[in-house]
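Comments concern the structure below.
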Amino acid sequence: MAKHSFGDGSYDGNYIEAELKKFQVGGASPTDATQFVFLHSGGTGNGSIPGSSASSAHNTDDEDSDNSKAALSYKDRRREAHTAAEQKRRDAIKRGYDELQSIVPTCSQTETLGPTKLSKATVLQRSIDYIQFLVGQKRKQEDELDSLRKEVMALKIMKANYEHIVKTHQNQPVHGQNQVSDSAKFQVFKQIMDSLFQTFNANISVANFAELSACVFSWLEEYCKPQTLREVALGILRKTNEQLANH
């Protein structure tokens with residue numbers, strides 16, 4: 001009797017006939033034998049039901065292929081997005097360095113042998129030096145501005161004082177009516193000096209320095225006392241006032 005292997009999904013014809021005979025001898029119907037054959041047959045061999053296991057395996061392979069393609073597509077999109085973001089970042093950095101090199105005078109100046117490409121470290125260092133220079137200039141200008149403000153404030157104070165003086169003189173009564181001329185003032189001064197010189201000349205000896213020194217002190221004590229000078233000045237002022245009134 002031929003042996004049957006149930007693992008490979010196939011079956012032997014002689015084995016089936018022998019089993020059928022057993023069923024016939026034992027009173028079993030052919031239908032039961034057929035059911036027995038189908039019960040012992042594999043689901044993936046020649047005796048399997050069409051469209052069962054083979055179809056499911058085919059569908060599973062298609063789904064795995066679709067999932068693999070979708071995973072690869074997601075990775076590709078992610079890699080492309082990362083590459084684009086990195087390129088955008090590099091472009092922004094390059095534009096920043098180009099703008100610094102065009103703005104900073106020490107970076108935009110050309111060398112004697114022609115324009116040369118500066119390294120990023122050089123551009124940054126020159127930019128730092130230029131910013132420090134601008135900070136120093138700003139501090140210097142602020143100091144000058146503060147000094148000018150103080151000067152303006154002092155000038156305003158002086159202006160206010162002069163305006164106050166002018167207003168005070170303008171508000172004085174009879175201002176300018178009895179104003180004495182410069183010639184009249186000079187005449188008063190001249191008469192006082194003439195009076196003093198007359199007494200000086202009459203009492204001072206110039207024979208030698210010792211007599212001059214002694215005579216000067218005596219003259220000062222006698223003719224230059226405050227009361228004496230006051231009387232002389234009052235007499236001259238009365239005389240000058242009478243002359244001005246007559247004119």
Side-chain angles (χ1 to χ4, degrees), residues 56-190 192-193 224 226 233:
S56 300
H58 180 71
N59 293 334
T60 303
D61 292 339
D62 291 341
E63 291 176 358
D64 292 341
S65 177
D66 293 340
N67 292 333
S68 177
K69 290 181 180 179
L72 290 175
S73 178
Y74 172 74
K75 290 182 179 179
D76 291 340
R77 290 196 301 270
R78 186 175 180 181
R79 186 182 300 106
E80 291 176 357
H82 177 73
T83 302
E86 181 65 19
Q87 186 62 39
K88 184 177 180 181
R89 185 184 69 85
R90 292 181 180 180
D91 292 340
I93 293 174
K94 184 178 182 301
R95 286 195 301 270
Y97 276 102
D98 292 340
E99 290 179 2
L100 276 178
Q101 192 166 355
S102 63
I103 292 173
V104 178
T106 55
C107 292
S108 59
Q109 291 175 353
T110 57
E111 304 294 339
T112 55
L113 299 178
T116 57
K117 183 175 179 58
L118 301 177
S119 64
K120 293 181 179 180
T122 303
V123 172
L124 287 178
Q125 186 59 49
R126 293 188 180 183
S127 300
I128 292 171
D129 295 339
Y130 184 64
I131 291 173
Q132 291 176 347
F133 168 76
L134 292 179
V135 170
Q137 290 294 107
K138 181 176 179 292
R139 188 180 298 111
K140 182 179 178 181
Q141 290 177 356
E142 288 177 350
D143 294 340
E144 292 178 354
L145 180 61
D146 186 59
S147 177
L148 290 174
R149 285 175 178 171
K150 292 180 179 178
E151 186 175 352
V152 169
M153 183 61 66
L155 291 174
K156 287 182 178 179
I157 294 173
M158 293 176 62
K159 177 177 177 290
N161 290 333
Y162 280 118
E163 288 177 350
H164 177 71
I165 293 172
V166 171
K167 289 180 180 179
T168 301
H169 285 287
Q170 289 177 351
N171 294 332
Q172 286 180 352
V174 300
H175 175 73
Q177 295 180 3
N178 297 324
Q179 186 175 1
V180 180
S181 63
D182 293 337
S183 60
K185 290 187 289 186
F186 178 76
Q187 291 296 326
V188 171
F189 177 77
K190 181 177 180 298
I192 292 174
M193 291 299 104
C224 294

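Just so you know, residue 1 is the first one in the sequence shown, and it goes up from there.
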Of all residues at least two apart in sequence or in a different chain, which pass the side-chain hydrogen bond (donor to acceptor under 3.5 Å, both in side chains) check with K88?
none

Close side-chain approach of M153 to R149, heavy-atom, < 4.5 Å:
no

Gap separating the NZ atom of K190 from the OG atom of S183, nearest 0.5 angstrom:
13.0 Å

Under 4.0 Å between a side-chain nitrogen and a carboxylate oxygen: does that hold for R95 and E99?
no

Using only atom types and a distance under 3.5 Å, with no angle test, would you say the side chain of D146 pairs donor to acceptor with the backbone of E142?
no

When rounded to the nearest 0.5 Å, the distance separating OH of Y162 from CE of M158 is 5.0 Å

Using a distance-only test with no angle check, is there a side-chain donor-acceptor pair under 3.5 angstrom linking S73 and R77?
yes

Is it true that K159 and E163 make a salt bridge, defined as a side-chain N closer than 4.0 Å to a carboxylate O?
yes

How about S102 and D98: do any of their side-chain heavy atoms sit closer than 4.5 Å?
no

Tell me the closest heavy-atom pair linking L100 and C107, and the distance in Å.
O-CB, 4.4 Å

Indicate yes or no: at least one non-hydrogen side-chain atom of L134 is less than 4.5 angstrom from one of K138.
no

Which heavy atom in R126 sits nearest to a heavy atom in T106, and how many Å separate them?
NH1-O, 2.7 Å

Just do the side chain to side chain contact (heavy atoms under 4.5 Å, CB included) check on R90 and E86 with the steps written out, would you?
CA-CA 6 Å; R90 292 181 180 180; E86 181 65 19; 3.3 Å; yes

Is it true that D143 and R139 make a salt bridge, defined as a side-chain N closer than 4.0 Å to a carboxylate O?
no

To the nearest 0.5 Å, atom CG of L155 lies from atom CD of E151 at 5.5 Å

Rounded to the nearest 0.5 Å, how far does OG1 of T122 lie from CD of Q101?
9.5 Å

